[in-house]
S.K.: 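Pasting a structure below so you can have a look.
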Amino acid sequence: AWTIARGTATDFERKLHATAHSTDPRLRQIAAHALGKLRDDAAFNQLSKLLADPDPAVRREAATAIGRIRRTESTPTLLTALKDSLDDRF
């Protein structure tokens with residue numbers, strides 16, 4: 001809320017997109033969660049890349065966020081990610 005109050009929603013979304021590239025997996029997970037809550041259609045490609053993140057919690061949150069966005073290409077993207085991560089406990 002503090003970030004939103006300091007700038008426009010576009011500034012906030014830009015910061016979330018930048019945070020999705022953080023070296024800290026917790027920040028990437030938070031960014032994916034927030035982008036999904038915003039149903040930010042522009043974040044689809046970035047979230048798709050997070051499906052290959054080395055951290056399983058980030059991948060899980062990216063998959064959830066993609067599901068919230070509900071683009072037609074979501075299904076094949078999520079199925080591919082599921083197939084590629086069958087060893088994950090998430």
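Both backbone and side-chain heavy atoms feed into the values below; hydrogens, waters and symmetry mates do not.
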S.K.: Considering all heavy atoms of both residues, which atom of A32 and which atom of A65 are nearest to each other, and what is their separation?
M.R.: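 Heavy atoms of A32 and A65 come nearest at O-CB, 3.3 Å.
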
S.K.: Is the shortest side-chain heavy-atom distance between L35 and H17 below 4.5 Å?
M.R.: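 Result yes, sub-4.5 Å side-chain heavy-atom pair found.
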
S.K.: What is the minimum heavy-atom distance between Q29 and E61, and which atoms define it?
M.R.: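 Heavy atoms only, the tightest pair is O-CG, 3.3 Å.
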
S.K.: Looking only at heavy atoms, what is the nearest atom pair of T19 and L27, with distance?
M.R.: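 Closest heavy-atom pair between T19 and L27: CG2-O, 3.5 Å.
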
S.K.: I'd like to know whether D40 forms a side chain to side chain contact (heavy atoms under 4.5 Å, CB included) with L16, so could you lay out the CA-CA distance, the side-chain angles of the two residues, the decisive distance to 0.1 Å, and finally the verdict.
M.R.: CA-CA 10 Å; D40 184 359; L16 282 176; over 6 Å; no

S.K.: Is the closest side-chain heavy-atom distance between E13 and L38 below 4.5 Å?
M.R.: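 SC-SC contact between E13 and L38 confirmed.
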
S.K.: R71 side chain to D41 main-chain N or O, any donor-acceptor pair under 3.5 Å?
M.R.: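 It does hold such a pair.
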
S.K.: Counting only N and O atoms by type, is there a donor-acceptor contact under 3.5 Å from the side chain of R28 to the main-chain atoms of H21?
M.R.: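 No, the answer is negative, given that no donor and acceptor are paired below the 3.5 Å cut-off.
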
S.K.: Hey, does the side chain of R59 reach the backbone of P54 with a donor-acceptor pair shorter than 3.5 angstrom?
M.R.: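 Looks like yes, one N/O pair under 3.5 Å.
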
S.K.: Applying a strict under-4.5 Å side-chain criterion to I, L, V, M, F, W and Y, I'd like to know whether I30 and I66 cluster together.
M.R.: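 No, it is not one cluster - the side chains of I30 and I66 are not joined through contacts under 4.5 Å.
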
S.K.: Looking at R70, I want to see if its CZ is surrounded by more than 12 non-hydrogen atoms of other residues, nucleotides or ligands under 6.0 Å.
M.R.: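 No, the 6.0 Å shell around CZ holds no more than 12 heavy atoms from other groups.
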
S.K.: Tell me the closest heavy-atom pair linking D55 and A57, and the distance in Å.
M.R.: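 Closest approach of D55 to A57: OD1-N, 2.8 Å.
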
S.K.: If you measure from CG on N45 to CG on L50, what distance do you get to the nearest 0.5 Å?
M.R.: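 Reported to 0.5 Å precision, the distance equals 11.5 Å.
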
